[in-house]
Amino acid sequence: MSDMWTGEKVRLRGVEPEDWEDFRDLAEHTVDVRNADLVGPPRSQESFRAWTAERAGRAPEGGTFRLVIESAADRTFAGSVTVGETDSRAGRFKTGIEIAREHRRKGYAAEATGLVLTYMFAEQRCNKCEVEVYAFNDASLALYRSLGFVEEGRLRQHEFFAGDYRDVVLLGITAADHWAAHPLPSLR
């Protein structure tokens with residue numbers, strides 16, 4: 001692979017202002033939003049335009065960034081992947097992913113996460129990636145476990161929504177775990 005941001009199924013790229021409708025569509029289903037974050041009130045189209053334009057103009061800072069996931073076959077918006085809470089001293093970062101409903105169960109989330117892990121481990125000297133997943137989000141738990149993440153703990157009754165307190169599962173993967181299943185990037 002000559003481009004570390006392109007796999008067999010997906011291509012990762014920066015956010016563009018015209019992506020605002022796709023990000024709005026990701027936020028249309030309460031269940032999907034709840035799986036990834038806390039549910040907020042409805043937002044205006046203008047707020048999505050402004051939010052997306054601001055992210056499109058933002059340079060990655062301190063290991064924090066959001067990338068659009070495109071289908072490699074037809075370059076359509078398939079979701080987004082984030083990197084944040086990077087601690088360069090400790091060599092840790094967190095990641096998260098959202099896949100549009102029509103692009104699920106195609107391997108896009110696994111490949112996009114793998115591309116991000118390779119970048120952060122091979123180019124940013126990170127040693128560990130952590131994710132926090134709501135305990136009821138079986139699909140995300142299965143995804144991360146299939147990538148080699150290991151459950152490291154559970155924050156009991158950590159978040160309140162949908163009328164009750166919910167657990168958060170903490171998972172992690174080290175660079176050594178990742179390299180045991182993936183080749184190092186090519187120098188050529």
Side-chain angles (χ1 to χ4, degrees), residues 1-16 19 22-23 26 35-37 55-100 103-134 137-154 168-188:
M1 166 182 14
S2 61
D3 175 14
M4 72 183 315
W5 301 108
T6 302
E8 292 180 20
K9 299 176 182 181
V10 300
R11 172 181 173 254
L12 304 183
R13 64 163 174 83
V15 174
E16 298 293 344
D19 294 326
D22 296 308
F23 281 107
L26 283 176
N35 279 335
D37 203 354
R55 269 142 192 85
R58 181 189 297 177
E61 322 173 340
T64 298
F65 55 89
R66 177 184 297 269
L67 299 173
V68 166
I69 302 166
E70 285 184 335
S71 164
D74 61 9
R75 300 289 172 115
T76 58
F77 182 101
S80 75
V81 60
T82 58
V83 169
E85 297 185 43
T86 302
D87 182 337
S88 59
R89 183 199 59 76
R92 285 191 309 263
F93 69 99
K94 290 187 178 181
T95 191
I97 196 155
E98 292 179 278
I99 301 293
H103 293 285
R104 292 182 187 162
R105 305 279 183 232
K106 295 180 180 180
Y108 292 0
E111 189 170 80
T113 301
L115 292 170
V116 166
L117 292 173
T118 295
Y119 171 73
M120 294 301 288
F121 292 147
E123 306 297 331
Q124 297 299 307
R125 290 186 175 188
C126 286
N127 182 56
K128 185 174 182 186
C129 177
E130 301 169 336
V131 294
E132 297 179 3
V133 179
Y134 296 127
N137 188 341
D138 295 329
S140 289
L141 290 170
L143 165 71
Y144 289 117
R145 287 177 177 137
S146 76
L147 293 171
F149 283 74
V150 175
E151 186 170 329
E152 297 183 339
R154 179 179 291 257
V168 173
V169 179
L170 308 174
L171 299 106
I173 187 170
T174 65
D177 296 335
H178 179 70
W179 297 131
H182 299 87
L184 287 168
S186 173
L187 294 174
R188 297 171 198 249

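These numbers come from a predicted model, not from an experiment.
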Contact check, side chains of His178 and Met120, non-hydrogen atoms, under 4.5 Å: no
Keeping the roles fixed (side chain from Thr95, backbone from Thr82), state whether a donor-acceptor pair exists under 3.5 Å. yes
Could you tell me how the ring of Phe149 sits relative to the ring of Tyr144: parallel (under 30°), tilted (30 to 60°) or perpendicular (over 60°)? perpendicular
If you round to the nearest 0.5 Å, how far is OG1 of Thr113 from CD1 of Ile69? 7.0 Å
Could you tell me whether the side chain of Asn137 and the main chain of Tyr134 form a donor-acceptor pair under 3.5 Å? no
Is it true that Asp19 and Arg66 have a side-chain N and a carboxylate O under 4.0 angstrom from each other? no
Do side-chain atoms of His103 reach the backbone of Ile99 as a donor and acceptor pair under 3.5 angstrom? no
Separation between CG of Leu115 and CG of Leu67, rounded to the nearest 0.5 Å: 10.0 Å
Checking Ser146 side chain against Leu143 main chain: does a donor-acceptor pair fall under 3.5 Å? yes
Taking every heavy atom of Thr86 against every heavy atom of Cys126, the minimum-distance pair comes out as CG2-SG, 4.5 Å
CG/Leu12 to OG1/Thr6 distance, rounded to the nearest 0.5 angstrom? 7.5 Å
Separation between CG (Leu171) and NZ (Lys94), nearest 0.5 Å, reads 11.5 Å
Arg92 CZ to Glu130 CD distance, which is reported to the nearest 0.5 Å: 5.5 Å
Between Glu85 and Thr64, the two heavy atoms sitting closest are N-OG1, 4.2 Å
Minimal non-hydrogen separation, Trp179 against Pro185, with atom names: CH2-CD, 3.8 Å
Provide the closest heavy-atom pair for Phe121 versus Asn127 in the form atom of the first, atom of the second, distance. CE2-C, 3.7 Å
Ring-plane angle category for Tyr119 and Trp5, please: parallel below 30°, perpendicular beyond 60°, tilted otherwise. tilted
So Arg145 and Glu151, salt bridge (charged side-chain N to carboxylate O under 4.0 Å, His left out) or not? Walk me through it. CA-CA 8 Å; Arg145 287 177 177 137; Glu151 186 170 329; 2.7 Å; yes
Separation between CD (Glu70) and OG (Ser80), nearest 0.5 Å, reads 12.5 Å
Determine the minimum heavy-atom distance between Ala112 and Ile97, stating which atoms define it. CB-CD1, 3.9 Å
Quick check against the 3.5 Å criterion: does Glu111 have a side-chain atom that pairs as donor or acceptor with the backbone of Glu8? yes
